[in-house]
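Report on one structure; see the data block that follows.
Computed from heavy atoms alone, side chains included, the values below leave out hydrogens, waters and symmetry copies. None of the values given here were measured: they were computed from a predicted structure.
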Amino acid sequence: MNNSMKFPKNTSILLNDVSIALQEKNYEALAQMDHEIVNNLSYVQNYHPEIMTKLLESLFRMKKFDEVIATGTIFLNKSYSNFDIYYYILASHIGKIDFIKAIELIKNDKVLSDPSIKFYYSKEEANYSNIHNLSKELFMMCGNCLLLINYIVEIVEEFPNTNDINKEYLLLRYFDLLNMLYEQGFEENIIERFSLAMTVIFELAE
C-alpha cells in the first residue's frame with residue numbers, strides 16, 4: 001500500500017485539527033487541509049465562521065496562488081460571497097502576473113461590477129479619498145478589496161497589452177500604493193496587510 005495515500009478524516013478530527021491550526025496561526029497546516037475543509041465546509045463553518053477567509057489567507061501566505069484562485073472560486077460558486085474572498089483571489093492573480101483574469105473577474109462578477117462598487121474604481125470616480133472616507137464598518141467589509149482593485153485597474157490602463165507587464169514595474173507601482181496609503185492617513189493595520197501581501201506577491205523577506 002502506498003504510504004502517501006490520504007484518506008478522508010473523520011469530521012470531528014478535522015474540526016479539531018482546524019481549531020488547533022487557527023489557534024496557533026499555523027498557516028501551513030491549514031493550507032494542507034484545503035480539500036478536506038472545502039468538502040466539509042458547512043460543518044466547519046458552524047464552529048469557525050471565518051474559515052473561508054482564514055483558509056484563503058493560509059494558501060496565499062504559502063504562495064499557493066493557483067489553489068487560492070481555485071478554492072476561492074469554489075466559494076463564490078457556492079454563493080459564499082465576501083470581499084476577503086475577492087481580495088485573495090485578485091492578489092493571487094497579481095502574484096501570477098495574470099491581469100487578464102483579474103480584470104475579467106472585476107468586470108464580469110455580479111458583486112464587483114455592481115454600480116455601487118464600481119463607483120470606487122471607475123475611471124471617472126476613482127479616488128482613494130472616497131475609499132478612505134468610507135465608514136469604518138463599510139471599510140472593514142470591502143475597503144481592502146477596493147484598494148487592490150484600483151491598483152489592478154491602474155496597471156491595466158497603463159499596459160493595454162498585459163503581456164508587457166513585468167514584476168519589477170509592478171513592485172514599483174506597489175510601493176506607490178503603500179506610499180499613498182501613508183499619505184492619505186490609512187490605519188496602520190491596513191498598511192501592514194498590504195505590506196504583508198507585498199512580501200508574498202513579490203517574494204520579499206518579511
Side-chain angles (χ1 to χ4, degrees), residues 27-28 31 53 56-73 76 82-109 111-114 117-134 139 141-206:
Y27 303 108
E28 184 176 2
T53 298
L56 293 179
E57 178 187 358
S58 298
L59 291 167
F60 180 73
R61 283 174 177 260
M62 296 296 106
K63 301 181 177 66
K64 295 179 179 290
F65 300 137
D66 287 326
E67 287 86 344
V68 172
I69 294 165
T71 300
T73 301
L76 295 178
N82 72 54
F83 285 93
D84 280 332
I85 295 174
Y86 293 116
Y87 173 87
Y88 285 112
I89 291 176
L90 291 171
S92 296
H93 281 311
I94 296 171
K96 288 167 58 66
I97 319 182
D98 192 344
F99 281 75
I100 292 176
K101 291 287 179 61
I103 283 295
E104 283 180 357
L105 178 62
I106 293 167
K107 287 184 175 181
N108 299 327
D109 182 84
V111 173
L112 298 184
S113 62
D114 185 275
I117 299 300
K118 194 174 182 180
F119 168 83
Y120 291 97
Y121 66 83
S122 65
K123 189 172 183 179
E124 295 77 17
E125 301 291 346
N127 187 322
Y128 288 105
S129 295
N130 289 336
I131 301 174
H132 189 214
N133 291 332
L134 287 169
F139 189 93
M141 180 179 73
C142 63
N144 291 307
C145 182
L146 292 173
L147 291 171
L148 200 62
I149 289 175
N150 272 277
Y151 170 81
I152 292 168
V153 170
E154 288 173 1
I155 294 294
V156 172
E157 286 177 354
E158 293 176 38
F159 291 92
N161 181 357
T162 57
N163 291 327
D164 294 334
I165 299 174
N166 64 75
K167 214 156 194 174
E168 290 75 18
Y169 183 75
L170 290 180
L171 178 57
L172 289 174
R173 295 292 282 108
Y174 201 97
F175 275 120
D176 290 341
L177 172 62
L178 287 178
N179 288 333
M180 182 280 303
L181 294 179
Y182 278 110
E183 292 170 1
Q184 292 276 342
F186 282 82
E187 293 183 9
E188 190 66 28
N189 66 311
I190 297 162
I191 296 171
E192 287 176 358
R193 183 174 188 180
F194 277 86
S195 297
L196 172 63
M198 181 176 68
T199 65
V200 174
I201 292 169
F202 299 103
E203 301 182 82
L204 306 175
E206 291 189 37

Query - From Leu59 atom CG to Ile69 atom CD1, the distance as rounded to the nearest 0.5 Å - result: 11.0 Å

**Report entry** Set of residues satisfying side chain to side chain contact (heavy atoms under 4.5 Å, CB included) with respect to Glu157, sequence neighbours excluded
**Finding:** Lys123, Val153

Query raised in the report: For the side chain of Tyr121 and the backbone of Leu148, is there at least one donor-acceptor N/O pair under 3.5 Å apart?
Result: no

Report task. May I have the step-by-step check of side chain to side chain contact (heavy atoms under 4.5 Å, CB included) for Phe119 and Asn130, ending in yes or no? Result -> CA-CA 9 Å; Phe119 168 83; Asn130 289 336; 3.9 Å; yes

Report task. Using the six-membered ring wherever Trp is involved, compare the ring planes of Tyr151 and Tyr174 and label them parallel, tilted or perpendicular (cut-offs 30° and 60°). Result -> perpendicular

**Report entry** Verdict with reasoning, Leu171 to Met198, per side chain to side chain contact (heavy atoms under 4.5 Å, CB included)
**Finding:** CA-CA 8 Å; Leu171 178 57; Met198 181 176 68; 4.0 Å; yes

Requested in this report: Kindly compute the distance separating CD (Glu104) from NZ (Lys101), expressed to the nearest 0.5 Å.
Outcome: 6.5 Å

Query raised in the report: Near Lys107 NZ, under 6.0 Å, is it more than 12 heavy atoms from other residues, nucleotides or ligands?
Result: no

Requested in this report: For Tyr27, check ring pair (Phe, Tyr, Trp, His ring centres under 6.0 Å) against everything at least two apart and list the hits.
Outcome: none

Report summary line: So CG of Leu181 and CG of Asp176: to nearest 0.5 Å the spacing works out to 11.0 Å

Query raised in the report: Does the Lys167 side chain pair with the main chain of Ile201, one donor and one acceptor, at a distance under 3.5 Å?
Result: yes

**Report entry** Residues that Asn163 engages under side chain to side chain contact (heavy atoms under 4.5 Å, CB included), provided they are two or more places apart
**Finding:** Asn161

Requested in this report: Provide the closest heavy-atom pair for Ala31 versus Ser58 in the form atom of the first, atom of the second, distance.
Outcome: N-CB, 4.1 Å

Which pairs of donor and acceptor atoms, one on a side chain in residues 86-96, lie under 3.5 Å apart (sequence neighbours left out)?
unit_1	atom_1	unit_2	atom_2	d
Tyr86	OH	Ser81	OG	3.3
Tyr86	OH	Asp109	OD1	3.0
Tyr86	OH	Asp109	OD2	2.7
Ser92	OG	Tyr88	O	2.8
Lys96	NZ	Asp66	OD1	2.7

Report summary line: Here the gap from Asn189 atom CG to Arg193 atom CZ, rounded to the nearest 0.5 Å, amounts to 9.5 Å

Query - Within 6.0 angstrom of Ile100 CD1, more than 12 heavy atoms from elsewhere - result: no

Query raised in the report: Going through the checks in order, is the side chain to side chain contact (heavy atoms under 4.5 Å, CB included) test met by Phe83 and Asn144?
Result: CA-CA 8 Å; Phe83 285 93; Asn144 291 307; over 6 Å; no

Query raised in the report: Can the ring centres of Tyr169 and Phe159 be said to be less than 6.0 Å apart?
Result: yes

Query - Set of side chain to side chain contact (heavy atoms under 4.5 Å, CB included) partners for Asn82, sequence neighbours left out - result: Met52, Thr53, Asp84, Ile85

Report task. Take atom NZ of Lys63 as the centre, draw a 6.0 Å sphere, and report whether it contains more than 12 heavy atoms from other residues, nucleotides or ligands. Result -> yes

Report task. Calculate, to the nearest 0.5 Å, the distance between atoms CE and CG belonging to Met141 and Leu146 respectively. Result -> 8.5 Å

Query raised in the report: Of all residues at least two apart in sequence or in a different chain, which pass the side chain to side chain contact (heavy atoms under 4.5 Å, CB included) check with Ser113?
Result: none

